[in-house]
There are 2 protein chains.
Amino acid sequence: MSRGNTRQRIQDVALELFAERGYEKTSLREIAEQLGVTKAALYYHFKTKEDLVTSLFEDLVLGPADAVIAWAEAHQPTTLETKLEILNRYSACIGNATPLVRFMHENQAALRDLSIGEQMKTRILTLLQLIKDQDAALTDQVRCASALFTMHSTLFTLEGSNADPEEKRKAALEVAQELVTAAHHGSAPGPAPETGNARHE
Amino acid sequence: MSRGNTRQRIQDVALELFAERGYEKTSLREIAEQLGVTKAALYYHFKTKEDLVTSLFEDLVLGPADAVIAWAEAHQPTTLETKLEILNRYSACIGNATPLVRFMHENQAALRDLSIGEQMKTRILTLLQLIKDQDAALTDQVRCASALFTMHSTLFTLEGSNADPEEKRKAALEVAQELVTAAHHGSAPGPAPETGNARHE
DNA sequence: GTCTATAACTAGATAGAC
DNA sequence: GTCTATCTAGTTATAGAC
């Protein structure tokens, strides 16, 4: 015992409990108890409760999401193919952090005034700007927002479905790509026509 | 002052604070202070904090949602037209309770082990069962779940958009109906063909 | 690196006066 | 119907021993 991996073990248990019982209802006492250590030990490794939850996001989602954004911004102006690849990359990145994405969605209110909450919000908004046209029709903006939401929420809904998580992720990606394709063409969805220049209205 | 409308005033302030700061972070002390009364006064009108939040949902969403479900179950077997009308009615019902729907989404973790949270979850799952075919392909199930999620989340996203809330609601309904139509036909989305019998694969 | 002990505070809830 | 006063139990966080 008493290894140097305590920090990691704290993170594992914290994520598990945060996901299971929610951020606010999970106390540091509970985390410490389940690890068989004391609260004071937690405070040695993390300055505050916020510091602990932030550390969970940084490596698993914030960093990867930034990588997607950086790639996207290096490929402007954004063609439809680029948009679809953004969705593809982002889907892969959140697929590696399913419990955290679920946690984020179920605890928006709690994370709202934590710095990590604001940072995640910024990333998602940036991605949305990248896949939607600024002056698109309202329904097309809804389609793009829905695409991102669908990829997120499908990771942890459809409980009745006995489908493999990876299958669900792929299905969600497919639907998201359809939505963005429809939005890109600026009209009712359908299999992509010749070139992507048709403009709605 | 000291009218008989205190109960209503408590509900108004509670919803405002719950929506703004989250369920857990809003204390009864804050609600009482903003009303200029004491905590004890709150306890006269509501047995517990849970009782207070439950009262907010019962009239504004739980009842109306049950009405939609009752209508849907009276119109089985469910045709595409019925499904679209379910979406239409549900959209109207949540459109009347926007702050509450937002609150529900942002506080899922907090509401999870409150009885009202479970009840709302049941209603949404029931609606999902009604609009999706039990043995549909995975992507079609995702489309149906996404349709409901889209109607919910569009009520309180697209912040940059200066669009009128009612316009956003209608746009979300339109996209949701497209998704369910595509799922109903069991293939890639598109304007509804002649009759709804074309089957995917 | 981990502990004990405790400070400083806030929460939800109740009893009983008015 | 609203108040004062109080209770119990919980929280984050820190100081300092080992």
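No hydrogens, no waters, no symmetry mates; every other heavy atom, side chains included, goes into these values. So that the names make sense, note that chain A is the first sequence line, chain B the second, and so on, each numbered from 1.
- Between C:dG12, D:dA13, C:dC3, one nucleotide has an atom nearer to the side chain of A:Thr38 than all others, and that is C:dC3.
- The side chain of B:Arg29 lies closest to C:dA11 when the candidates are D:dA13, C:dA13, C:dA11.
- Rounded to an integer number of Å, the gap from A:Glu24 CD to C:dG12 P is 12 Å.
- Across C:dC3, D:dA13, D:dT2, the shortest atom-to-atom separation from the side chain of B:Ala41 is found for D:dT2.
- Of the residues near DNA chain C, A:Tyr44 and A:Ala40, the one whose nearest nucleotide (by heavy atom distance) lies more toward the 5' end is A:Tyr44.
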**Request:** Start with the C-alpha distance between B:Ser91 and B:Arg169, add both sets of side-chain angles, then the distance that settles side chain to side chain donor-acceptor pair (under 3.5 Å), and finish with yes or no.
**Result:** CA-CA 7 Å; B:Ser91 174; B:Arg169 187 188 68 84; 2.8 Å; yes
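- Between the C1' atom of C:dT14 and the CG atom of B:Leu42 lies a distance of 14 Å, rounded to the nearest Å.
- Annotation: cation-pi pair B:Lys49/B:Tyr23 present, NZ/CZ under 6.0 Å from the ring centroid and within 45° of its normal.
- Counting to the nearest Å, the P atom of C:dC3 and the CD atom of A:Glu33 are 13 Å from each other.
- Scanning all heavy atoms of the two residues, the minimum distance from B:Ala176 to B:Met151 falls at CB-CG, 3.6 Å.
- Residue B:Ser27 is in sugar-phosphate contact alone, with no base atom involved, counting any heavy-atom pair closer than 4.0 Å across all strands shown.
- Close to C:dG1, at under 4.0 Å from its OP1 or OP2, lies no side-chain N or O of A:Thr6.
- Checking A:Val37 against B:Lys25, the closest nucleotide of DNA chain C that is more toward the 5' end is the one next to A:Val37.
- The OH-P distance, from A:Tyr43 to C:dA7, rounds to 17 Å in whole Å.
- At whole-Å resolution of the value, CD in A:Glu50 and C1' in D:dA13 are 14 Å apart.
- B:Phe149 and A:Phe149 have tilted rings, their planes meeting at an angle from 30° to 60° on a 0 to 90° scale.
- B:Leu52 has its CG atom 14 Å from the C1' atom of C:dA13, to the nearest Å.
- In this structure, B:Ile69 and B:Leu127 approach most closely via the heavy-atom pair CG1-CD2, 3.9 Å.
- If you measure from atom NZ of A:Lys39 to atom P of C:dT6, you get 13 Å, rounded to the nearest angstrom.
- For A:Thr48, whose side chain is taken as the heavy atoms from C-beta onward, the closest listed nucleotide among C:dA13, D:dA13, C:dT4 is D:dA13.
- Nucleotide D:dT14 holds its P atom 10 Å from the NZ atom of A:Lys47, rounded to whole Å.
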